[in-house]
Amino acid sequence: QAFGQLVSNWQWVDYDASDWDFLSTVWAEKAKTHGNVPDGVVFAAMTAFKTGGTLVPCNPKPYEGMGVPVENWLTG
């Protein structure tokens, strides 16, 4: 029940082939310069890019250079 309340206001996002192309390209470019990049990092970036959102992680470094706004929630 608590989970249902949490996600009830979330925006649903549909992904298509161009999104997966974006995801694979960003993942490959980041992997060249930063080594292994967790899929979740790139997936979060793709979602923010698609929705015009801002990522607010405690560690913004993995998201740098992915084309989405990032704000460190620990430092503001």
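Residues: numbered from 1 along the sequence shown. All values below were derived from every heavy atom in this structure, side-chain atoms included, with hydrogens, water molecules and symmetry-related copies excluded.
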- Message: Please report the interatomic distance CG(Asn59) to CD(Glu64), rounded to the nearest 0.5 Å.
- Response: 8.5 Å
- Which is it for Thr25 and Phe22 under the side chain to side chain contact (heavy atoms under 4.5 Å, CB included) test, yes or no, and what are the steps along the way? CA-CA 5 Å; Thr25 301; Phe22 169 81; 5.9 Å; no
- Query: Would a 4.5 Å heavy-atom cut-off, applied to side chains only, mark Asn72 and Pro57 as touching?
  - Reply: no
- Item | Minimum heavy-atom distance between Leu55 and Ala44, given as atom pair plus value | CD2-O, 3.7 Å
- Query: If only atom types and distance count, is the side chain of Trp27 paired as donor or acceptor with the main-chain N or O of Val37 below 3.5 Å?
  - Reply: yes
- Minimum-distance pair of heavy atoms, taken over all atoms of Gly53 and Pro69: O-CD, 3.6 Å
- Message: When you compare the side chain of Asp19 with that of Lys50, does any pair of heavy atoms fall below 4.5 Å?
- Response: yes
- Item | Residues that Lys30 engages under salt bridge (charged side-chain N to carboxylate O under 4.0 Å, His left out), provided they are two or more places apart | none
- Task: With the side chain counted from C-beta on, respond yes when Trp20 and Leu23 share a heavy-atom pair under 4.5 Å apart, and no when they do not.
- Result: yes
- Run the ring-centre check on Tyr15 versus Phe43 and record whether the distance is less than 6.0 Å. yes
- Message: Are Thr51 and Val13 packed together at the side-chain level, in the sense that at least one heavy-atom pair is separated by less than 4.5 angstrom?
- Response: yes
- Item | side chain to side chain contact (heavy atoms under 4.5 Å, CB included) assessment of Phe49 paired with Met66 | CA-CA 9 Å; Phe49 183 81; Met66 290 190 166; over 6 Å; no
- Atom of Ala45, atom of Val68 and distance for their closest heavy-atom approach: O-CG1, 3.4 Å
